[in-house]
Structures are given as structure tokens and as C-alpha cells.
Amino acid sequence: MANYEEAPLSSRPKTLDPNEYFNVTKETRRVEAEKAALRASLKRQYLQQLNNPHRKELIEDPALTRWVHARASIYPYFRPSYKTSILGLMFGVVPLFALYALFKTDRDRKEEKIKNGTLDRKFSISS
Amino acid sequence: MLKILIPTLMLTPTIWFSPLRQAWSATMTYGLLLATMSLLWLKHSSETTWTHMNSYMAVDYISGPLLVLTCWLLPLMILASRGHMSLEPAERQRMFLLLLTTLQALLILAFSATELMMFYLMFEATLIPTLAMITRWGNQAERLNAGTYFLFYTLAGSLPLLVSLMVLQNSTGTLSLLTLSFNHFNLDSTYSNKALWVGCLVALLVKMPLYGVHLWLPKAHVEAPVAGSMILAAVLLKLGGYGMMRITMLLTPLTKDLSYPFIILALWGLIMTASICLRQTDLKSLIAYSSVAHMGLVIAGILTQTTWGYLGALTLMVAHGLTSSALFCLANTNYERTHSRTIILIRGAQLILPLMGTWWLIASLANLALPPLPNLVGELLLIVTLFKWSTWSIILTGAATLITAAYSLYMFLLTQRGPTPPHILALEPTYTREHLLLALHLLPLLLLTLKPELIWN
């Protein structure tokens, strides 16, 4: 293979890296062969289903099924961690207490004004 | 009253002894006939507000609209179930029809009960047909989990209700709604009275559902067959609202102080569940969470104990019943074609099934409370009530209205617009039955726009 020099402002693309073809260890080669075999068998399975002339239904995607199941079953796999506890407190506990304080003080102040007779009913129609 | 109840009960021999095809058509036709007759319940001709009376059952301003909604839903449920039930053997089809009819009869008894103990009994009794529908005729393995959650959440809440009703029976001597309204309650603020208050309302709040105890609803709605989802969303949630409207009459001065946590949970839940809707990938789950959001607003309105609050709650309950049921029917049309509830698997449906796209548009617009539909009227009355209750609530309700519009439009755009999925080979065209179903859902909604006095009077 010709030994190209790299251009000053751009790096060599991966497919032109000589290490991809030479100096490949036996271990890497074995692993890549196994992965290619798995991919080929999955592709064969899919193509068999795709080209089956008697097929009337959709081809089921197992990854989609797993994803949908994962999105639906959150509670059994919940793990209390630092992040989830902070989120739970921030969105589930603190707003409730904050809103209680807000509403209670607002309504108590209005009740005080009503009891003293000083409530300014701005938009009252019947007066 | 018996004119409608006894024919509903007599539908049982009709279902069981007619030939199978006639059983479906006959039950649906008789259901429509009963629904038409039930419109008479909307006429209030008595000053005491209780009309069409019987020793045990009566109709008044609150129960009338909900009873008509219940009677209207039976033919719609039967129409919706014909698709997926046609593959089952004959006895199971009859059993399914029987479950629907029994549920209908129990709901009529529940809404028209004049005695709170009868209401409680019917409230509990409606759990059994619904449980049978979810766990037996649901479609995924998760339906068992869903049925368990549904049953035990409601049961755990209603045991305190039973005890509280017993206590009230002992202290006032009667639980008849006809006379309890004349009994001026003035509960002191003791611990036991507060426990009584909580005990009375927990079951109904779980049924509504309130945000903290709403976990059963997404599961039950998603796993139920379409008829189960319809009756759950449209009527069973309103049982909780109706019960709350009746029972808070007995708990008078305590509600002012004790309702704060629940109004706050309802309003915060409105925002939280509306936000969850924006992240859902499962269509039925999206509609289920939107039900929780709308019912949260209804809870807040009922707990403020004002006239406008009750009016808004009633209007929103009726309108949401019709809208949510229509949306579940639409989700079912998708499910029957692709056997999957994932939204992205059937994008761009407007190009494939354009007429169904019209129904999707109307139902989504109804869900986001488009004027002049009664959804908007109900929401507006409730928002104004809460504004009067406390000025700061407008932040929560305003944000929630915004997010409601966002997820309704998101649902519409995601299912209708966008690229059509490349992997779908063929889809069945829309059946006339499905068009009829959606028309029957949305037509009452449009008619109520023109004459809302029917449900207010």
C-alpha cells in the first residue's frame, strides 16, 4: 500500500489507516469474525421473514418490544439514588409544602381583611 | 326510573338466549332505546330537585347528566367491542356482553341511589365487572398487575369509607340523601372528626384519581380492552366526583381547613401529569394521564365548595367523559390495525385514513378545551373558581392549560402528520362502525355546546 503523507490541516481518515490492515492482532480478528457471524445470522433471519411469500403480518422488531416494555415497567426497576432522591424532593415534596404555605398565607390574609371589613372588592357587581 | 333499570336487567336473558349475531345487534339497539328514554331524566319538574322517585332511587340535578352519560355509553361500548370480540367463541362473547350490561345496571343504581350506603355498595360492586374486563380481556401480560393495582387501590381507600358511613349512620340516624340536606352539620375540629373527613373522602379521591394515588389509572386504562377503557374513563372516574359532591355536604365546616392538601395535590398533579403526557410513547397511556389531569381540576373545584365549582366540575365531568371515551376509541382503531400502542408506529395517519383524521382533529381539539365546547366551559368555570379561592392558583391552572394544549396538539400531530411509516404493508380502511362510534361520541358534545342548560338547569 502506498504510504500517503497526511495533509497539514486534515487527519488521515480511518479507512486509510494502515494499522487497520496490517498489525491486526489475532484476538481482534477473532472478535470481529464473531461479530460478523452474528450480524450475518440476524440479517439472514430478517431477510427470510421479509421475503416469505406467505407472510401477511408485520415483522416484529424485538428491540422495539423490549424498549416499549422498558418504558412501561418503571416501578420494578426503580433504584433510589442521589439523583432520583433530589428529583423526587424537588418535584414531588417541596412544591406541595411551598404551595401550602403560599395558599394558606394568602387566604388567611384575605380572611383577616374580611373579618376586619377592609377587603377591597374591586370587581364587585352588586354594590 | 324502573322503566330504564328493569329493561337493562332484562338485557341479560336477551344476551344469553338470542342467537349470537342478534345478541350483539339487539343489545345495542335496546341500549340506544334506553339511552333515548334516559334523556327524560334531564327534565326537572320538582322544586325539591329530586325527580323520578322510587323508594330507593331518585334523580336530581347532579345525578341526571351522569346517568344519561352512563346510559349513552352502553351502546357505544358494544359498538366498539365488536371488532376484537368477533374472534372469540360464542360463550365468551355473551359473557363479555353480560359484563357490560351488569356494569351498566350497577352504575345506574349507584348514580340514582338516595341512600349513601346503597351508593357505597354499588360503588364497590362496579369494581368486579371492571376487574373481570381488565384481567380477562386485556391484551398484554401486564393486565394482571393492572387489575391488582386497580382493585387494591380502590378497596384500600373504601374500607375507611365504610367505617365512616357507619359512624354517620349511628350519629345522625339516617344516611338518606333526601333528609341529610336538612340536617345542619357543624362538625367540631377534633381529631376524630378530621379522621372521619379523611375516611369519607379517601375512597373517592383514589377513584377520581387524585395525583398522589393515581398509579392504578394508567395501568388499568392501558391494559383494559376498549370497552373497559371507555367505561373507566367516562363513567367510573365520575363516580368518585359524584360521591364527593354528595358526601362533602355532610362534612361542612371541616372542609375549609382540611381541603388544602388535597387541592394542592390536585393542582400540582394537574401540571405534573400534563407534563408526563408530553413524554409518553404509548398512546393509551397518554390519554390516561390526560384523564388524571382533567380530573385533578375537577377535584380542586369540588373541594372549594362553591356553586361555580360544582357547575364547572359537573360540566367538565360530562364533557371529559365523552372526549376521553372518543380518544380511547380512536386509539383502539390504531391498535386494531397495528396491534401496537406505540405512537410512532402509525404516524402520518391523515394521509392513509383521512376521514379518521377528521375525528382525531375534533377529539384532540375537544381535549384541549377549544371554545365553545363544554370542555372549555367546565375548565373556565373551574379556573375562575380557583382564582376566587386564591389568586395565586392562576399560575398553576394557566400553566396547566398551556401544557394541556401542548400535549393534545402533540398527540394529534404525532399520529396524523409526519412521514408515513415505511414498514406497514396494508391497513384496513375505516369501517362504518368506527365512524358511527365516533360520531355518536362527538355529536352529544356538539349538541351540549348549543344547549348546556341540559346539564345545568
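What you are looking at is a predicted structure, and each value in this text was computed from that prediction instead of being measured. Convention: sequence-line order gives letters A, B, ...; per-chain numbering from 1. Reckoned from all heavy atoms, side chains included, excluding hydrogens, waters and symmetry mates.
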Can you tell me which portion of [X] sits under 4.5 Å from chain A's heavy atoms? Options are side chain, backbone, both or neither.
X        : value
B:Thr342 : side chain
B:Glu142 : side chain
B:Leu215 : side chain
B:Ser393 : both
B:Leu345 : side chain
B:Ser285 : neither

Exercise. Hey, are A:Lys35 and A:Glu32 close enough for a salt bridge, meaning a charged N less than 4.0 Å from a carboxylate O?
Worked result: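 So A:Lys35 does not pair with A:Glu32 through a salt bridge.
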
Exercise. Using 4.0 Å as the upper bound for N to carboxylate O, is an ion pair formed by A:Lys115 and A:Glu111?
Worked result: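 Judged by the 4.0 Å cut-off on N to carboxylate O distance, A:Glu111 and A:Lys115 do form a salt bridge.
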
For this session: Please say whether more than 12 non-hydrogen atoms of neighbouring residues, nucleotides or ligands are located less than 6.0 Å from CD in A:Gln45.
Result: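 No, CD of A:Gln45 has 12 or fewer neighbouring heavy atoms, counting only those of other groups under 6.0 Å.
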
Problem set entry | Over 12 non-hydrogen atoms of neighbours within 6.0 angstrom of NZ in A:Lys104 |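 Enclosed.
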
Using heavy-atom distances under 4.5 Å, tell me whether [X] contacts chain B through its side chain, its backbone, both, or neither.
X        : value
A:Tyr75  : side chain
A:Leu64  : side chain
A:Lys110 : side chain

Exercise. So which of B:Thr338, B:Leu396, B:Asp282, B:Val222 has the largest heavy-atom pair count under 4.5 angstrom toward chain A?
Worked result: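 The candidate making the most pairs under 4.5 Å is B:Leu396.
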
For this session: Check whether the ring centres of B:Trp268 and A:Tyr100 lie less than 6.0 Å apart, and answer yes or no.
Result: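 They do not qualify: ring centres at least 6.0 Å apart.
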
Problem set entry | B:His214 ring center near B:Tyr153 ring center (under 6.0 Å) |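 Not close enough - the centres of the two rings lie 6.0 Å or further apart.
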
Exercise. Taking all atoms of both residues into account, what is the closest heavy-atom pair of B:Ile299 and B:Met244, and its distance?
Worked result: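 Answer, listing the atom of B:Ile299 first, then B:Met244: CG2-CE, 4.0 Å.
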
